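So the structure is just underneath, and the comments pick up after that.
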Amino acid sequence: MVGPAGEADAMLRRLEWSTLRRLDGLLQGDYRTLMRGTGLDLADLREYQLHDDVRHIDWNVTARMQQPHVRVFTEDREMAAWFLLDLSPSVDFGSGPQRKSEVLLQFVAVLARLIGRHGNRVGGLLYGAPGLHRAHSMLPARGGRNQVLRLMQMIRRASGGSGGQVEQASGPTRLDELLRSALLTVRQRSTVFVVSDFISEPGWEKPLGELARRHDVVAVRLLDPLELELPDLGLVPVRDAETGEQLMVDTHDPAFRQRFARIAAQREAQLRESLAQAGVDTLELSTDDDLADALWRFVGLRKQRQTGRPMSGLVPPGQGARA
């Protein structure tokens with residue numbers, strides 16, 4: 001098999017053998033932790049019992065009956081996961097062997113395959129595709145391995161293919177446009193992965209919060225170590241991928257590097273506060289991360305948040321994943 005379809009299939013096979021195989025051994029079938037809170041239908045009401053989840057208490061019935069009652073749910077066999085993908089120019093950056101766009105592709109391939117092969121559906125909404133300015137490409141949610149390959153091919157085309165450069169956009173990223181499109185597109189309650197570096201114009205916080213009230217939303221934040229701290233490289237040219245603006249900076253100047261680190265730290269704090277206020281879980285993926293390890297830590301943190309019990313062998317928070 002040759003061409004884009006063959007390249008996507010070969011890449012997926014490599015990821016199935018390396019990353020997905022490792023995750024299978026770690027998760028031991030507990031893949032549904034990735035899709036917490038989806039596919040639930042109200043089946044019954046009953047009196048509260050010890051160890052019931054207090055979030056399932058029906059307060060209206062409790063007030064009427066003068067006795068705590070909880071909602072009992074049945075889980076659908078099929079669930080849906082949507083990938084909202086930011087492919088704007090700033091995502092096509094990496095200071096090492098990998099760009100953020102390559103990390104995005106690998107993450108989507110592994111997670112879509114992991115979710116889809118258990119009978120669930122996956123779909124995608126892409127933002128910032130070249131030639132479409134800020135328009136969106138949409139892949140309706142379906143199941144099967146071929147669906148994962150279709151999504152991978154869409155990402156590769158939108159990001160310029162293997163080793164290609166994303167076409168320069170005429171203005172800064174507006175992530176709120178992608179999120180508002182998702183509010184109109186994703187109707188049934190789903191797990192939604194928002195994959196972005198969140199380098200965007202303000203205004204995305206409100207639609208992200210609205211999306212989180214309807215769906216189980218995970219913010220997958222892409223980053224590169226060079227975005228947090230500059231090494232001493234001397235005089236180097238710097239170009240803003242979003243606007244095209246270029247300038248020379250003297251990284252040999254300790255004061256400049258300190259100002260850069262301080263501004264980066266302020267942006268980090270503000271971004272994390274915004275994501276927390278939106279009520280979403282967060283997975284941070286760096287270009288120097290091991291994907292399987294980062295996903296394993298994230299699954300553990302979600303499970304800990306669900307049950308209140310930590311998973312054995314879990315790496316402490318702050319090393320690639322937060323929830």
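Keep in mind that this is a model prediction, so the values were computed, not measured.
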Quick one, [X] and [Y] - any side-chain contact, counting heavy atoms below 4.5 Å?
| X | Y | value |
| --- | --- | --- |
| Trp82 | Gln188 | no |
| Leu222 | Phe107 | no |
| Arg297 | Asp289 | yes |

Is there a donor-acceptor contact under 3.5 Å from the side chain of [X] to the main chain of [Y]?
| X | Y | answer |
| --- | --- | --- |
| Arg189 | Arg214 | yes |
| Gln66 | Ala63 | yes |
| Lys100 | Asp224 | no |
| His215 | Ser190 | yes |

Arg157, Arg13, Arg156 screened by salt bridge (charged side-chain N to carboxylate O under 4.0 Å, His left out) with Glu7, the one that passes: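 Exactly one option meets the salt bridge (charged side-chain N to carboxylate O under 4.0 Å, His left out) with Glu7, and it is Arg156.
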Taking salt bridge (charged side-chain N to carboxylate O under 4.0 Å, His left out) as the criterion, tell me which of Arg21, Arg117, Arg145 meets it with Glu16.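 So, applying the salt bridge (charged side-chain N to carboxylate O under 4.0 Å, His left out) to Glu16 and each of Arg21, Arg117, Arg145, only Arg145 qualifies.
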How long is the gap from [atom1] on [X] to [atom2] on [Y], to the nearest 0.5 Å?
| X | Y | atom1 | atom2 | answer |
| --- | --- | --- | --- | --- |
| Leu87 | Leu126 | CG | CG | 5.0 Å |
| Gln67 | Glu47 | CD | CD | 4.5 Å |
| Leu175 | Leu208 | CG | CG | 8.0 Å |
| Asp86 | Asp197 | CG | CG | 5.5 Å |

Give a yes-or-no answer on whether the side chains of Gln266 and Gln270 include a donor-acceptor pair shorter than 3.5 Å.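 On atom types as modelled, these side chains do not qualify, holding no pair under 3.5 Å.
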Can you confirm whether the side chains of Gln153 and Arg150 place a donor and an acceptor under 3.5 Å from each other?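 The criterion, which ignores hydrogens and geometry beyond distance, is not satisfied for Arg150 and Gln153.
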Between Glu268 and Arg272, does at least one N-O distance fall below 4.0 Å, as a salt bridge requires?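 So Glu268 pairs with Arg272 through a salt bridge.
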